[in-house]
Amino acid sequence: MKIILLGPPGSGKGTVSERLEKDCGFFHLSAGELLREEVAKKTTIGKEIQSYINKGELAPSKFVVELVKLEVRKKDNYILDGFPRSLEQAKQIEGLKVDAVVLMDVSEEVVIERFAGRRICEKSGHGYHIKYLPPKKAGICDVDGSKLVQRADDKPEVIKKRFVVYHKETQPLINYYEKKKLLHRVDASKKPEDVYNEVKKALKLKNKKR
Ligand code: ADP
Ligand code: AMP
């Protein structure tokens, strides 16, 4: 199954994707994480991408679309988290089959307080929240024991810009996928467990056999 997770910054796309990966065996592709990995490599492209991320703007689609396509080729079960993020990107992947699009529906007021507490694993990018989804040991990733850090773009002025970009570039995708009858709306303002269960119900997913 091929799924797109759509929603404003901080709506919980990464959190839900990580659990679906663990429980249902999906390949989780976070466009933001993919770009942060490119930045960490300090390549020429990485340096260019960094300037967009730091400003809260979208990186040029030519980089993102190519990177995503490379990652998902030959894969049957994946979640695209944070991609596509504009009509331009959506049109460029019309050749990829999409089975469902989940809209993580939540207001800016609700998610704004999630950013101050967001922490990610500096090595693998796994996400936490100091209050809502704390790691077992403060400051340490449960999965690989690496240090948890704040994202450089989780600063109030950059967050503000990311919301502006979301409304202008990404929100039109709601209508686009609604017209294609692929859209499932989920109330993402609830507790993490409830949001997760709602997504699973909307997609009629079952846990993989262990
Ligand atoms: P996105 O990938 O959409 O930007 P994240 O999954 O990184 O969002 O979630 C943003 C922050 O909010 C993280 O710190 C995460 O742990 C936390 N979080 C995710 N879902 C919820 C929720 N339902 N309620 C409260 N906090 C949440
Ligand atoms: P995220 O991790 O989803 O919050 O994304 C972090 C940042 O990465 C965004 O603010 C953008 O600068 C960049 N980014 C993520 N996904 C995309 C995308 N699909 N297209 C362009 N830029 C992106």
Side-chain angles (χ1 to χ4, degrees), residues 4-18 28-68 71 79-90 92 102-135 138-139 141 146-174 188-189 192 195:
I4 289 174
L5 275 194
L6 199 66
S11 54
K13 301 182 294 297
T15 303
V16 163
S17 303
E18 279 188 34
H28 168 208
L29 183 77
S30 155
E33 195 48 41
L34 195 64
L35 295 174
R36 283 188 286 279
E37 280 166 16
E38 207 54 43
V39 170
K41 284 188 216 156
K42 296 192 163 58
T43 54
T44 314
I45 292 179
K47 282 180 192 152
E48 194 178 335
I49 290 172
Q50 184 165 33
S51 68
Y52 290 94
I53 294 182
N54 289 350
K55 284 186 276 185
E57 289 169 6
L58 293 187
S61 291
K62 60 175 183 194
F63 296 145
V64 194
V65 174
E66 282 315 305
L67 286 170
V68 170
E71 289 287 322
I79 304 166
L80 299 180
D81 153 16
F83 180 88
R85 240 166 159 116
S86 64
L87 280 173
E88 183 197 359
Q89 291 180 2
Q92 286 183 38
V102 175
L103 171 66
M104 304 286 284
D105 208 0
V106 62
S107 70
E108 205 168 313
E109 291 72 46
V110 171
V111 290
I112 210 79
E113 62 140 342
R114 292 185 187 170
F115 292 101
R118 169 151 69 181
R119 299 290 181 273
I120 62 163
C121 170
E122 66 173 356
K123 206 167 135 209
S124 58
H126 288 295
Y128 299 86
H129 190 283
I130 53 174
K131 185 167 152 202
Y132 304 119
L133 281 166
C141 177
S146 301
K147 206 168 102 189
L148 300 185
V149 294
Q150 276 190 285
R151 268 172 52 173
D153 59 344
D154 275 353
K155 294 189 200 102
E157 66 278 15
V158 185
I159 291 168
K160 221 171 171 180
K161 176 70 184 177
R162 279 155 55 204
F163 275 108
V164 171
V165 171
Y166 174 76
H167 293 308
K168 182 162 176 275
E169 303 286 345
T170 313
Q171 239 172 1
L173 291 178
I174 299 174
S189 65
V195 175

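Predicted, not measured: the structure shown is a model, and the values here were computed from it. For the numbers below, each heavy atom of this structure counts, side chains included, while hydrogens, waters and symmetry mates do not. Position 1 is the first residue of the sequence; numbering continues from there.
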message: For S61 and Q89, which I'm curious about, is there any donor-acceptor pair between the side chains at under 3.5 Å?
response: yes
- request: Check whether any side-chain heavy atom of V111 lies under 4.5 Å from a side-chain heavy atom of F163, and answer yes or no.
  value: yes
message: If you define the side chain from C-beta out and look only at heavy atoms, does anything of Y128 sit under 4.5 Å from C141?
response: yes
field: Heavy-atom side-chain contact between E33 and H28 under 4.5 Å
entry: no
field: I49 versus A59, closest heavy-atom pair with distance
entry: CG2-CB, 4.4 Å
query: Nearest heavy-atom pair of L5 and S17: which atoms, and what distance?
result: CD1-OG, 3.2 Å
query: Which heavy atom of P9 sits nearest a heavy atom of Y166, and at what distance?
result: CD-CB, 4.0 Å
NZ/NE/NH1/NH2 to OD/OE distance under 4.0 Å, E38 and K41: yes
field: Validation row: F83, S30 side chains within 4.5 angstrom (heavy atoms)
entry: no
- prompt: Which heavy atom of L103 sits nearest a heavy atom of G7, and at what distance?
  reply: CD1-CA, 4.3 Å
query: Should D154 and R118 count as an ion pair when the cut-off is N to O under 4.0 Å?
result: yes
- prompt: Does a donor on one side chain sit under 3.5 Å from an acceptor on the other, for E18 and H126?
  reply: yes
message: Is any side-chain heavy atom of N54 closer than 4.5 Å to one of D153?
response: no
message: To the nearest 0.5 Å, what is the distance between CD on Q50 and CZ on R36?
response: 12.0 Å
query: Taking atom types as modelled and ignoring hydrogens, do the side chains of E108 and H167 form a donor-acceptor contact shorter than 3.5 angstrom?
result: yes
- prompt: For F63 and E48, what are the C-alpha separation, side-chain angles and deciding distance, and is it a side-chain contact (heavy atoms from CB on, under 4.5 Å)?
  reply: CA-CA 10 Å; F63 296 145; E48 194 178 335; 3.7 Å; yes
- prompt: So, do P135 and L148 sit near enough that their side-chain heavy atoms are less than 4.5 Å apart?
  reply: yes
statement: Rounded to the nearest 0.5 angstrom, the NZ-NZ distance for K155 and K160 is 14.5 Å
- prompt: Does the side chain of L87 come within less than 4.5 Å of L173's, by heavy atoms?
  reply: yes
- request: Walk me through it: do K161 and E57 pass the test side-chain contact (heavy atoms from CB on, under 4.5 Å)?
  value: CA-CA 7 Å; K161 176 70 184 177; E57 289 169 6; 3.7 Å; yes
message: Main chain of P8, side chain of K13: is a donor-acceptor contact present, judged purely on distance under 3.5 Å?
response: yes
message: Is the positively charged end of K55 above the ring of Y52, judged by distance under 6.0 angstrom from the centroid and angle within 45° of the axis?
response: yes
- prompt: Heavy atoms, side chains only, cut-off 4.5 Å: are P84 and I4 in contact?
  reply: yes
- request: Kindly write out the residues that satisfy side-chain contact (heavy atoms from CB on, under 4.5 Å) with V110, not counting sequence neighbours, or none if the list is empty.
  value: V106, S107, R114, S189
Point-to-point distance, once rounded to the nearest 0.5 Å, from CD1 of I120 to NZ of K147: 12.0 Å
message: Restricting to non-hydrogen atoms, name the atom on S124 and the atom on C121 that form the minimum distance, rounded to 0.1 Å.
response: OG-SG, 3.1 Å
message: With side-chain contact (heavy atoms from CB on, under 4.5 Å) as the criterion, how do H129 and R119 come out once you've worked through the C-alpha distance, each side chain's angles and the decisive distance to 0.1 Å?
response: CA-CA 6 Å; H129 190 283; R119 299 290 181 273; over 6 Å; no
task: Examine distances only and state if a side-chain atom of K42 and a backbone atom of V39 form a donor-acceptor pair shorter than 3.5 Å.
output: no
- request: Run through D81, L34, I79 and flag the one making a side chain to side chain contact (heavy atoms under 4.5 Å, CB included) with L29.
  value: L34
message: Does F115 form a side-chain contact (heavy atoms from CB on, under 4.5 Å) with R162? I'd like the steps, not just the answer.
response: CA-CA 12 Å; F115 292 101; R162 279 155 55 204; 3.6 Å; yes
